[in-house]
Amino acid sequence: MPTDQDLLERWKDEPAPLLPLLHAFHERDSYLSDDALRVVSKGLRIPLADLYGTVTFYHHFSRVEGGRGRPRVCDGPICKLKGADTLLAELDGATAMPCAGRCDDPIPVLVEDRYMVGTPGSELAETPAPMPTPNPGEREECCFAHIRAEGRATLAGYRDTGGYRALARAVQEQTPGDVLDVVDASGLAGRGGAGFPTGRKWRAVADAPGEPKTIVCNADEGEPGCFKDRVLMDYDPHAVLEGMALAAYATGATRGFIYLRYEYPHTQAILERAIAEATEAGLLGQGILGTGFSFLIYVRRGAGAYICGEETSLLNSLEGKHPFPRNRPPYPVTHGYEDLPTAVNNVETLASVPQILDRGADWYRSLGEGEHAGTKIISLSGDVLRPGNYEVPIGLPLETLLFEWAGGPPPGRSIQAVTMAGLSGGFVRDLDVTLDEPCLRGRGSFLGAGGIMVFDDSRDMIEVARQAMSFFAHESCGKCFPCRIGTQRLTERLAGEAGPRNADVWRAEVHDIGHTMAAVSACGLGIAAPLITESLLRDFPDAVNAHLENGR
Amino acid sequence: MSAKLTLDGREVLFEEGETIYEIARRSKKDVPTLCYDDRLDPLGACRLCVVELEGARNPVASCTTMATDGMVVRTSTEAIEKHRKTLTELVVSENPRGVEIDPLRGMASQELALLAVRYEADGSRFEGATSGRSRKDDPNPMILRDYDQCISCYRCVRVCAEQEGDYAISVENRGFQTRITTEFAGFLEDSACTFCGQCVQTCPTGALGDLRALQNADVPGEIEKTRSICPYCGVGCSVDILSKDDKLVGVQPAMDGPANEGALCVKGQFAWEWVQHDDRLKTPLVRKDGELVPASWDEAFERAAEGFRGVEAKHGRHAIYAVASGRAPHESAYSVQKFVRAGFGTNYIDNCSRA
Amino acid sequence: MSNPLADMEKPDVIFCIGTNMTETHPVAATRLKKAMRHGAKLIVADPRRIPLAEKADIYLPLRVGSDVALLGAMAHVIEREGLVDPSFLEERTEGFDKLREHLATFTPEWAESITGVPAADIEQAAIWYGKAERGAIYYTLGITEHICGVDNVQSLCNLVLMTGNIGREGTGINPMRGQNNIQGAGDAGALPNNYPGFQPVTDPAIQKKFAKAWGREVDLEKGITKVRALEECGESIHAMLICGENTLVSDPNRAHCQHALESLEHLVVIDMFVTETAALADVVFPAAAWGEVDGVFTNTERRPQRVRAAVKPQGEAKPDWWIVSGIAKRLGFSGFDWESPKEVFNELCELSETYHGLDWDLVSEGRHHWPVPEKGHPGTPILHIGEFPRGRGLFMTPSYRDPAETIDDEYPTWLTTGRRLAHYHTRTMTGRSVGSEYLVPEELVEVHPDDVVRLGLEDGGLAVMSSRRGEVVVKVEATEQSPRGTVFCSFSFSDVPINALTGSGYDPITDTAELKVCPVRLEAATTQLA
């Protein structure tokens, strides 16, 4: 068993050492003891009180002996529908965790680093994540174009299907400016939810003073109902690495991090293997492909905090700080990791880049419907016959996806509502929309990271909304008042635990809280959370009235 | 100052690096806030200082937004005031019992109470669970940890880190479960806390309170503040002495003190009770039959003078020596050295700096 | 201090030596911590692993009393590495060639053999300080309370002069004064060699000036220091006036002190409490306290500031100046007819050169750093800009000397003394304050855990600690804050009179006692009693 000193020596001089060092102690001891925190505090010169506070922020770090071995059962919105509560009761010592990103599978259960699935009354099984089915609309794909090819996750398989061609051409024949021009022209925008034009972000990093520059791959896929990044990393890891290397080449970055959510332990192994292979082949590391371009990638595993998917929280987490979001401006493009220029990009965004550079901006633009450029992966789950990841042309009608591609609701049922952007886009009842931001934002929602959860007419929308708000309350970082208090008060009101009895007063309170949260919260969590209650009040007034009459 | 912005319809010049909040405040705009302390990096937590910024989709927190040339800012529109009222009501809902906060708790202890009055937030809206948990078990006699009043503005945590550099307290958990904590949620005395009391003085709700001063909560009379200098080390921190009539009831740091800029340490902040301690010498004493006994001033002066006169007569003026205090004001040391020099014509005088 | 407190946030390299600043000057230390938060490097040299050492980028744990060797080696490295500032040397200093020669043998390896600090760390510290854009030195009594206190200060001055880290913002050589008005007591003339404003008593012109003001000619010879005066008690000194000092507890060699004060024919004490010292007096006057008097304090950055009365004095207590003038008038002395502290202070300003541009009203907001030579002068926050008082800065060539006493078989452990955060001096004030007493209710001798075992002591048990002058019984605390072979105590508790042990020697120039070094022997109390 490694000693404290062994662990400290292994990590203390690595970049972003806090999380891996804590994980090392967590794995060795099966929890984070007071003594371990003292060693880490001293070794990394982090004040003990800060370290203690930060450790308690992450829900996967256990502070009780043996805690890491206790099963964590997903009780995300879809798993709830599958009986997560029953499974939780069946497993000894189990506790709930928020959506673990396998909504197209049975209920995921995490025990140490074993990532299993199961349903109440059945054995848990370690099975690979479902591969995306061939495109049901027979539409040309970008990210998924080669993912189903045999051996694509290996370096050889990846190269056989055109992998690293774009990187080789970039570093050997193109200037960083050439790469930026192509990405700009492609219209590629952030696929993690914010939708910021990727080319513009990279150009800002390239132009910003300060070195070294950093590429961060945001793989903290924490939005409930989203599981697209996992499938990309599991089955096409080199596409993500190549995308990062291209980003680095374009921006002048020399180091990269993949910030991976805690709940994907097997993915970490896949990524680390791929990095080792690519480095061995001279595609990463010092002097890539014999040129003067160097780029190193490190995988850093989160520890259970949805807010760390917010890019500035993520950066604070990487730096070993309390993962509150930062105030912006300044933005990460100028003041990111260690206050230096940093591009934070989502997995899907980065995985699109090699294809775009290989096949051209025009090709990518043409993949969208009509005026819309490119594609978006939708993680579809809930009450549809064929849940899973679908790469859709941007602008595809929602109904086409739901009914033609995914087979519609179970027999005898109709769709009551879907969520958008996982939970962050609230509910959409009118399904006559297209999958693109202009259309969805016009309806008071947004596409975001592309998680769509389907609820049929048998579902209690108040209860779904309560679960959603309870998730936001659980994940609110606690920094800004409107979100910290607002998510709590809204949850209490949806649960009927507290709040006024008069229906009009109740609605006024819920509306006022939501209105202020949406307007003045410090980050996207607090801004988006009230879309749940706003869409509920708007689209389900009868359910609200019933709730107030019965429950109160 | 070359850059300018429009603030509530009037052009205001500003220095690069100023925030909208700073400009608004010096322009006498009454922008409310609960998480702001001049000496700390702005956090942008309470969002009460939001203002409308033309071109921005949502209101922006003025404390964290740097002013840029040509900005058009409105500090107090109907919509902004509505948000502020809602925010105040939300904060008050965490702390709804309307506890009277004694101003002896700390300098900033009335901030939330005053804001609640301003926005008529009486605790009747947004009822629900409360988040703070008081640490009544903490036995230290200096810092009250009444976290039932806590609103998670983190001023205490930030002042401890940024101003004091002690990093003794931090934030435990997250969201509504957030608590202010020490390492391993223990007592202050088992943490890196040095009891400087800075957290107490910046707390806007009185959740942290000065237990020494609170001993005098029941003393009748208005609190008066007298600006002075701390009596301990050579740093010379400015303080306000708090008194009620002739009772000394506490000490608070002076934010505009040039040496300390609001900082104090455990001695300056909490160790003042000796001033009116029963042990104080209240009359002159003279030795009679080997015992020191109270005497009149006249007798004491006479005895003191007589002794010096006698020694001078017997041994000469170089047999008399004086030691002045490095603790007392200049007037003390000056008078003592003058006593020796102008009185006896010698330089037989020193102070206590060599020990 | 050569530079103001505000400058403590501005250096890029901070060198703290012999200063437990987070405990003795906590608020000043907050400024250093801010500088570090903004990227400044911190070098700490101290025998004890004090809290500041924990925050240091380089910690130099030198053996007590070996500062000259450490500082000489740093100077050696700065010279060797070509980090001297040639233009500063050329324009502002003299005597460097002599120093260079002198330093030739001060190699880091040699210094390691004296100080116990690894040569590589000495080199690194020297290089950092030598390369600093704004290097600042801070020290307290850990430098001065040695028989070689002057040598220590001169060694620091050499570093400053070599690198030109003086006369600029964020630099300087900065002694942190210990007591609230110790600077002011000197400013006001309570020194055997200087009139108010540091005007030498040996200068006939100055003598004349004061004779004119006071109507009496004062000796042209310097007086003697308090240390000498205590030695002379019963010999040539027979009467004393002690104002606001608990000499018996605060001064070295308590037995000697007690004997000295007892052998006086006449002792008058002015104090707020009947201290151990006051208990020996013939007459004790009740002094009005802080919070009860108006007056002026001058802080360590030479800033005079007003203190104000908030409450009435307890009982019949009166301000010191009123008491002193009362005695003076009984003796028929003239010039003591003051009616307010304002009159006293303004008289001081009138006669002082450093305060000449100040008066009672001008110091009310504390905006000036002295010297303020004339009215309207803005004050002098940074000393030595462009020129030193003597013109050029002179390099001195101090050599290493052993402390007055060194450890041997009989007294094999180094004792070093100092302060603790919660208490002040002899606890006349903090001992009567609930918070301080709660935090530190008793004295503890801090011993390295290995030494606790080696010496047969017990953590929390009682030990007898003795030196060549006396012994005390004290409770043991095992702590890695003390290095092996060195123990620490404060002198705050009169029931553990640590100054019964100290007093091994004095600096020959300043008469400052070597309170930082005292060989002692520690034994478990039970062993001895049995």
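The sequence lines fix the lettering, A, B, ..., with proteins before strands; numbering per chain opens at 1.
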Heavy-atom distance under 4.5 Å to chain C: side chain of Ile229(B), backbone, both or neither? both

Mind ranking Asp320(C), Val311(C), Leu439(C) by heavy-atom pairs under 4.5 Å with chain B and telling me who comes out on top? Val311(C)

Report the C-alpha distance between Arg327(B) and Asn181(C) in whole Å, list the side-chain angles of each, state the deciding distance to 0.1 Å, and finish with yes or no for side-chain hydrogen bond (donor to acceptor under 3.5 Å, both in side chains). CA-CA 5 Å; Arg327(B) 319 297 321 288; Asn181(C) 199 35; over 6 Å; no

Using non-hydrogen atoms only, which part of Leu267(C) is less than 4.5 Å away from chain B: side chain, backbone, both, or neither? neither

Sequence neighbours left out, what passes side-chain contact (heavy atoms from CB on, under 4.5 Å) with Thr144(C)? Give chain and number order. Tyr139(C), Leu141(C), Val153(C)

Applying a strict 4.5 Å limit to non-hydrogen atoms, the region of Ala211(C) in contact with chain B is neither

Within residues 338-345 of chain B, which residues come under 4.5 Å of chain C, heavy atom to heavy atom? Lys338(B), Phe339(B), Arg341(B), Ala342(B), Gly343(B), Phe344(B), Gly345(B)

Does anything in residues 241-255 of chain B get under 4.5 Å of chain C by heavy atoms, and if so which residues? Ile241(B), Ser243(B), Asp245(B), Asp246(B), Lys247(B), Leu248(B), Val251(B)

Cut-off 4.5 Å, heavy atoms of chain B, and the answer for Arg432(C) is both

Among residues two or more places apart or on two chains, list those pairs meeting side chain to side chain donor-acceptor pair (under 3.5 Å) that have a residue in residues 283-293 of chain B. Lys288(B)-Glu299(B)

Bottom line for Asp507(C): the part with an atom under 4.5 Å from chain B's heavy atoms is neither

Part of Ala29(C) within contact of chain B (heavy atom distance under 4.5 Å): neither

Between Glu261(B) and Arg31(C), is the closest basic N to carboxylate O distance under 4.0 Å? yes

Salt bridge between Lys314(B) and Glu265(C), side-chain N to carboxylate O under 4.0 Å? yes

